[in-house]
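Accompanying notes for the structure given below.
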2 protein chains.
Amino acid sequence: MKLNTLSRKQEIYRTAAKLFKEKGYSAVTMRDLAAAVGIKAASLYNHITSKQQILSEIILDIAEQFTEGIDAIVDRDTDTITKLKEVIAQHIILTTDNPYGMAALNNDWMHLEGKLDHYLDLRTRYENKFRSIVLEGKESGELKDVNTEILLYSILTTLRNLYLWIPKKGELQKDVLIKELSVTLLQGVEK
Amino acid sequence: MKLNTLSRKQEIYRTAAKLFKEKGYSAVTMRDLAAAVGIKAASLYNHITSKQQILSEIILDIAEQFTEGIDAIVDRDTDTITKLKEVIAQHIILTTDNPYGMAALNNDWMHLEGKLDHYLDLRTRYENKFRSIVLEGKESGELKDVNTEILLYSILTTLRNLYLWIPKKGELQKDVLIKELSVTLLQGVEK
DNA sequence: GTCTATAGCCGGATAGAC
DNA sequence: GTCTATCCGGCTATAGAC
């Protein structure tokens with residue numbers, strides 16, 4: 001088992017995600033991707049089957065991790081604030097692991113062909129679980145009585161777009177970020 | 001002057017923005033755009049000069065509105081919280097006016113060719129003005145001592161992505177939205 | 001102002017040599 | 001596993017008839 005080298009296939013996937021982040025799926029050509037990897041376009045096809053398959057593997061891999069994660073959090077026997085902090089932590093961890101993939105998930109999902117419906121299912125399921133945490137917190141009195149959809153939109157959008165921002169802030173420790181972002185999102189900024 | 005009809009040029013720009021939102025600039029072809037307008041691709045060129053010019057007009061028009069708006073807000077002689085509420089209100093108003101253009105601004109700016117530098121200047125200037133409001137509020141003690149960049153990122157991301165969400169929530173009055181989103185972003189959700 | 005036709009280029013993907 | 005050569009279709013934009 002190789003420890004310090006990526007398989008060529010892995011290298012292609014990572015490079016593709018990076019290019020997709022910079023220009024979007026449609027604007028990245030197989031010639032671009034090949035050049036970034038250091039081979040010719042035709043050679044890519046010894047490792048992958050199509051451009052579309054690269055996209056769908058990148059997106060669905062992450063989407064499934066998020067789904068599994070929130071399923072576990074929802075089932076946990078804790079209070080709402082703890083659950084929300086766990087959701088925030090999950091976003092930060094998965095985004096730190098794979099910021100380019102997160103970009104593709106956010107911006108290029110509409111270019112999925114065969115797997116679009118599966119992606120949309122996962123996405124809806126995720127949003128519903130998130131909403132159920134929020135509704136629970138409002139019933140128990142842990143959360144303010146603000147509009148549920150505004151709250152959901154506002155937190156989820158911030159979390160979904162962390163990829164834009166996390167790579168630049170490498171100096172910020174992951175656990176510090178989790179703590180500070182939790183305060184900002186949950187307790188606000190006004191003194 | 002026509003009051004109830006859009007000029008063909010206007011119609012093309014609006015339709016283009018809508019298509020750019022759905023699929024991204026690169027994936028929208030001039031044939032797609034022409035079909036959506038109800039003419040042939042070649043006929044578009046009697047009204048516009050290039051695909052690129054459509055994009056750049058859509059994006060820079062909005063970017064300049066934001067820049068002018070924040071310049072005025074920064075110069076106002078009010079407290080920080082009021083300024084932040086005005087920034088929030090500006091985003092909601094401009095996004096409600098032109099949600100599709102906002103999508104292009106957010107997702108397709110990297111496909112600007114000649115005007116990319118101008119766009120990046122406007123964007124940096126906007127972020128710096130926003131940051132100056134936040135720093136002022138921290139000095140005056142109106143804002144909590146949270147990490148400035150996290151605060152900036154979190155609020156700006158929510159505001160920049162309102163286009164994803166505002167069109168679906170037509171029932172929510174603009175002024176109610178301004179008020180509720182201000183509470184959520186500034187005072188948090190935890191009771 | 002819209003059309004048909006087409007120039008000229010670039011896209012994803014395959015064939016087959018090495 | 002990488003290469004060169006190439007297929008074939010779609011792309012933006014233009015030319016010129018009506």
Side-chain angles (χ1 to χ4, degrees), chain A residues 1-2 4-60 104 107-116, chain B residues 1-2 4-60 104 107-116:
Chain A
M1 188 158 74
K2 296 192 216 163
N4 288 316
T5 60
L6 249 49
S7 72
R8 191 116 255 201
K9 189 172 172 178
Q10 288 286 323
E11 188 191 359
I12 291 170
Y13 277 79
R14 295 198 181 206
T15 307
K18 186 169 183 179
L19 294 179
F20 292 166
K21 185 199 165 191
E22 285 161 11
K23 308 204 294 177
Y25 175 75
S26 304
V28 175
T29 72
M30 297 306 272
R31 289 168 174 84
D32 291 338
L33 175 55
V37 171
I39 57 179
K40 296 289 173 184
S43 309
L44 290 172
Y45 291 87
N46 276 299
H47 307 281
I48 55 105
T49 73
S50 69
K51 188 187 178 189
Q52 174 63 207
Q53 176 234 336
I54 297 176
L55 182 70
S56 114
E57 203 142 319
I58 290 171
I59 291 181
L60 289 168
N107 301 319
D108 286 319
W109 59 266
M110 72 287 279
H111 299 118
L112 288 171
E113 287 158 17
K115 303 240 171 108
L116 178 59
Chain B
M1 189 158 75
K2 297 193 218 168
N4 288 315
T5 60
L6 250 48
S7 73
R8 192 116 254 203
K9 189 173 172 178
Q10 286 289 322
E11 187 191 0
I12 291 170
Y13 277 78
R14 294 198 183 207
T15 308
K18 186 169 183 178
L19 294 179
F20 292 166
K21 185 199 165 189
E22 285 161 10
K23 308 202 295 176
Y25 175 75
S26 305
V28 175
T29 70
M30 296 306 271
R31 295 187 235 277
D32 291 337
L33 176 54
V37 171
I39 58 179
K40 296 290 175 182
S43 309
L44 290 171
Y45 291 87
N46 276 298
H47 307 282
I48 55 107
T49 71
S50 69
K51 188 187 176 189
Q52 174 64 208
Q53 176 234 337
I54 297 177
L55 182 70
S56 112
E57 203 143 321
I58 291 171
I59 290 181
L60 288 169
N107 301 319
D108 287 318
W109 59 267
M110 72 286 279
H111 299 118
L112 287 171
E113 288 159 15
K115 303 240 172 109
L116 178 58

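In what follows, chains carry the letters A, B, and so on, assigned in the order in which the sequence lines appear, proteins first and then strands, with residues in each chain numbered from 1. Quick note: numbers below take in every heavy atom, side chains included, and nothing from hydrogens, waters or symmetry partners.
The side-chain contact (heavy atoms from CB on, under 4.5 Å) check on B:Gln53 picks up B:Tyr13, B:Ile48, B:Thr49, B:Ser50, B:Glu57, with sequence neighbours excluded.
Side-chain contact between A:Asp108 and A:Ile58: absent, with no pair of heavy atoms (C-beta onward) separated by less than 4.5 Å. In this structure, B:Arg8 and B:Ile39 have side chains that are in contact, with non-hydrogen atoms separated by less than 4.5 Å.
Heavy-atom distances under 4.0 Å link DNA chain D to B:Ala42 of residues 34-43 of chain B, given in residue order.
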When you compare the protein's N or O atoms with those of nucleotides 16-18 of chain D, which come within less than 3.5 Å of each other, and at what distance?
none

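Summarising the geometry, the separation between CE on A:Met30 and P on D:dG9 is reported as 20 Å, rounded to the nearest angstrom. Atom-to-atom, NZ of B:Lys51 to P of D:dG10 comes out at 16 Å; the value is rounded to the nearest Å. Distance CD1 (B:Ile48) to C1' (C:dG1): 14 Å, rounded to an integer number of Å. Between the CD atom of A:Gln53 and the P atom of C:dG12 there is a distance of 15 Å, rounded to whole Å.
Distance check, rounded to the nearest 0.5 Å: CG of B:Asp32 to OG1 of B:Thr15 gives 12.0 Å. To the nearest 0.5 angstrom, A:Ile59 atom CD1 is 4.0 Å from A:Leu112 atom CG. With rounding to the nearest 0.5 Å, the separation of NZ in A:Lys51 from CG in A:Leu33 is 9.0 Å.
The side chain of A:Tyr45 has C:dG12 as its nearest neighbour among D:dG1, C:dG12, D:dT12.
Using the six-membered ring where Trp is involved, B:Tyr25 and B:His111 have ring planes that are parallel, under 30° apart on the 30 and 60° scheme.
Between B:Arg31 and D:dT12 there is no side-chain polar atom (N or O) within less than 4.0 angstrom of OP1 or OP2.
Nearest-nucleotide positions on DNA chain C for A:Thr29 and A:Thr49 put A:Thr29 closer to the 5' end.
Checked by atom type and distance alone, the side chain of B:Gln52 pairs as donor or acceptor with a backbone atom of B:Glu113 at under 3.5 Å.
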